[in-house]
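Just below is one structure, and these are the notes that go with it.
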Amino acid sequence: MLDSKLRFFLQKCLVLEQAKQVHAQLVVNRHNHLESILIHQTLHFTKDFSRNVFNYAKRILQGLQISTRKDSSFSWGCLVRFLSQHRKFKETVSLYMEMHSSGISPSSHAITSVLRACGKTENMIDGNSIHAQALKTGLCGCVYVQTGLVGLYSRLGYIDMAKKAFDDISEKNTVSWNSLLHGYLESGDFDEARRVFDEIPEKDVVSWNLIISSYAKKGDMSNACSLFQAMPLKSSASWNILIGGYVNCREMKLARTYFDAMPQKNSVSWITMVSGYTKSGEVESAEELFRQMFKRDKLVYDAMIACYAQNGKPKDALKLFSQMLESSSDIQPDEITLSSVVSAYSQLGDTSFGSWVESYVTEHGIKFDDLLVTSLIDLYMKGGDFDKAFKLFSKLHKKDTVSYSAMIMGCGINGKAMEANTLFKEMVEKKILPNLVTFTGLLSAYSHSGLVQEGYKCFNSMKDYNLEPSADHYGIMVDMLGRAGRLEEAYELIKSMPMQANAGVWGTLLLASGLHNNVEFGEIACRHCVELETDPSGYLSRLANIYTSVGRWDDARKVREAMEEKKLRKTLGCSWV
DNA sequence: ATTGTTGTCG
């Protein structure tokens, strides 16, 4: 009688404080066996992750004395599942291991949760041993556990093992089928995936979403779209997948069409659109959407801050960041937010923010991951704080193309050719492939140090890495040759460019011509600049200076007059070439 | 309970 009353009361138990009161009652009345249910209820009704609730539940669990093996297995399972549901995957695995070493046999809840966690963290080693434990404890007859195994092997790319686990399931449900489908898609076996999809007896919305998502990822939007139209019931995720597909193809107009047509937009829809506008550089459109958003979560802020940071608007990024800090207390920046913010500060050349981030991270228990460290390396290198940058660089768990490029780029800006060269050699030895940014850094390092021969060698070696020099790379070469006084050579290099030379490249030649008082190339360069830019006054005054420096006062005066009269560009262009 | 969609560094 009392049991059922308490049970009923426990179901109403939503908040930690209430749970504590009930717990006290249970202890007084020695209802130890109900404490497991209390743990379950408390965790079950905690929608957002709360460290307090978790610690509380764990404390009760450790204090359980007269509980049966079955009770504690159940409670541990609830706790493990709680962590997994709130995406604390590393902790999920360690809690499971703690349970295992306490001699508690796992429940099916615990096994499925920990399998999921292993899948998400790509932890095959623990995944395998958990598989073995499931076999030993006889839980491999449970569909959920078996499906969990299919999911684990699918996610980690062991499609043969996934298939084997799938075949072992006697009563396959749709989730089992979907997990297998996911496996074939993940392993890139698209034909088999399509066969599995067609074979699924009762396709649900996830089955459709999986196959549509794979078409969208391949960029095959016509198939993605026709399947989308064919599916009987669409979820928000279905729409988001389609929108995401168009975003990946830079088809922002179409993405917007579906976004506008979508009946129930969720946060993912908005973020997908904002990040799409970010990649295509349409900052105003992103802003427009951001303004329209009624409820902004952390990820939306992250997306918008990244939008500003990636599109050369660091001040706007910082403004939004401080707005985010002020807006509400439950939105807390994490390592992802901070890496965009650091990138903004880096563009402003403000190194002082680095120490703020470093203390903020330790104070708030934010993960200091390689991505955030890389953005700090960039900040310190650009600001000339090489000691800090090198220290962080050595602390990276895994050095990759981006972190090496950040280092080399910093060397380039600061004219450290030796260091850049050493870093480059190091990365080649480690088989880390350089990319266009790496070479931008290297070339500018050589250019700043006047190492023309090295620069040429480097420029020519780009094709060995299947890299096509961009206009910027040509620009650096022109700068290097120009500074060395090899203007003719620089001009020839520009003429050999496979793409149209931009105003930046010609402007570099103009600058170099001024450095060496060379009228011939100064005129050529200036003519091109005037053609390419709307406001030519800067270029014209440079040319005028060149005329002055060689004593051609008349020409200098003509150019200056023309500038003031604001004559049409065309007229100007013809008058002195 | 197990599956699908979103944000970060050069």
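Quick note on labels: first sequence line is chain A, next is B, and so on, each numbered from 1. Worth saying up front: this structure is predicted, and the values here are computed from it rather than measured.
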How close or far is atom [atom2] of [N] from atom [atom1] of [X], stated in whole angstroms?
X        : N     : atom1 : atom2 : answer
A/Ile336 : B/dT6 : CD1   : P     : 13 Å
A/Met304 : B/dT8 : CE    : P     : 12 Å
A/Asp302 : B/dG7 : CG    : P     : 11 Å
A/Met273 : B/dT6 : CE    : P     : 14 Å
A/Met262 : B/dT6 : CE    : C1'   : 11 Å
A/Arg116 : B/dG4 : CZ    : P     : 8 Å
A/Asp369 : B/dT8 : CG    : P     : 13 Å
A/Gln146 : B/dA1 : CD    : C1'   : 14 Å

Inset, instruction - Establish, for the pair A/Arg296 and A/Phe290, whether the NZ or CZ atom is under 6.0 angstrom from the six-membered ring centre and no further than 45 degrees off its axis. - result: yes
Legend entry - Row check, A/Tyr404 ring normal vs A/Lys399 NZ/CZ: under 6.0 Å, within 45°: no
For [X], answer base if it contacts any base atom (sugar-phosphate contacts may also be present), sugar-phosphate if it contacts only those atoms, and nothing otherwise; contact means non-hydrogen atoms under 4.0 Å.
X        : result
A/Lys172 : nothing
A/Asp400 : nothing
A/Thr337 : nothing
A/Ser375 : sugar-phosphate
A/Ser346 : nothing

When you check the phosphate oxygens OP1 and OP2 of [N], does a side-chain N or O of [X] lie under 4.0 Å from one of them?
X        : N      : result
A/Arg81  : B/dT2  : no
A/Gln310 : B/dC9  : yes
A/Ser343 : B/dG10 : yes
A/Arg155 : B/dG4  : yes

Given [options], identify the nucleotide with an atom nearest to the side chain of [X].
X        : options              : answer
A/Lys298 : B/dG7, B/dG10, B/dC9 : B/dG7
A/Val402 : B/dG7, B/dC9, B/dG4  : B/dC9
A/Ile271 : B/dT6, B/dG10, B/dG4 : B/dT6
A/Val437 : B/dT3, B/dT5, B/dG10 : B/dG10
A/Ser340 : B/dG10, B/dT2, B/dC9 : B/dC9
A/Ser235 : B/dA1, B/dG4, B/dG7  : B/dG4
A/Lys279 : B/dA1, B/dG7, B/dT3  : B/dG7
A/Leu371 : B/dG7, B/dT8, B/dG10 : B/dT8
A/Thr112 : B/dC9, B/dT2, B/dG4  : B/dT2
A/Asn173 : B/dT2, B/dT5, B/dT3  : B/dT2

Inset, instruction - Measure the distance between the ring centre of A/His182 and the centre of the six-membered base ring of B/dG4, then answer whether it is under 5.5 Å with planes under 30°. - result: no
Inset, instruction - Determine the minimum heavy-atom distance between A/Ser108 and A/Val145, stating which atoms define it. - result: CB-CG2, 3.9 Å
Inset, instruction - Could you check A/Tyr144 against A/Lys120 and say which one's nearest nucleotide on DNA chain B is further toward the 5' end? - result: A/Tyr144
Legend entry - Name of the residue among A/Asp334, A/Ile331, A/Ile271, A/Leu338 meeting side chain to side chain contact (heavy atoms under 4.5 Å, CB included) with A/Asp302: A/Asp334
Between the base of [N] and the side chain of [X], is there a donor and acceptor pair under 3.5 angstrom?
X        : N     : value
A/Thr272 : B/dT6 : no
A/Ser108 : B/dA1 : yes
A/Asn240 : B/dG4 : no
A/Thr278 : B/dG7 : no

Legend entry - Check: A/His40/A/Ser75 side-chain N/O donor and acceptor closer than 3.5 Å: no
Legend entry - Distance-only polar pair, side chains of A/Tyr446 and A/Asn421, donor-acceptor under 3.5 Å: yes
Inset, instruction - Return the orientation label for the A/Tyr345 and A/Phe353 ring planes: parallel under 30°, perpendicular over 60°, tilted otherwise. - result: parallel
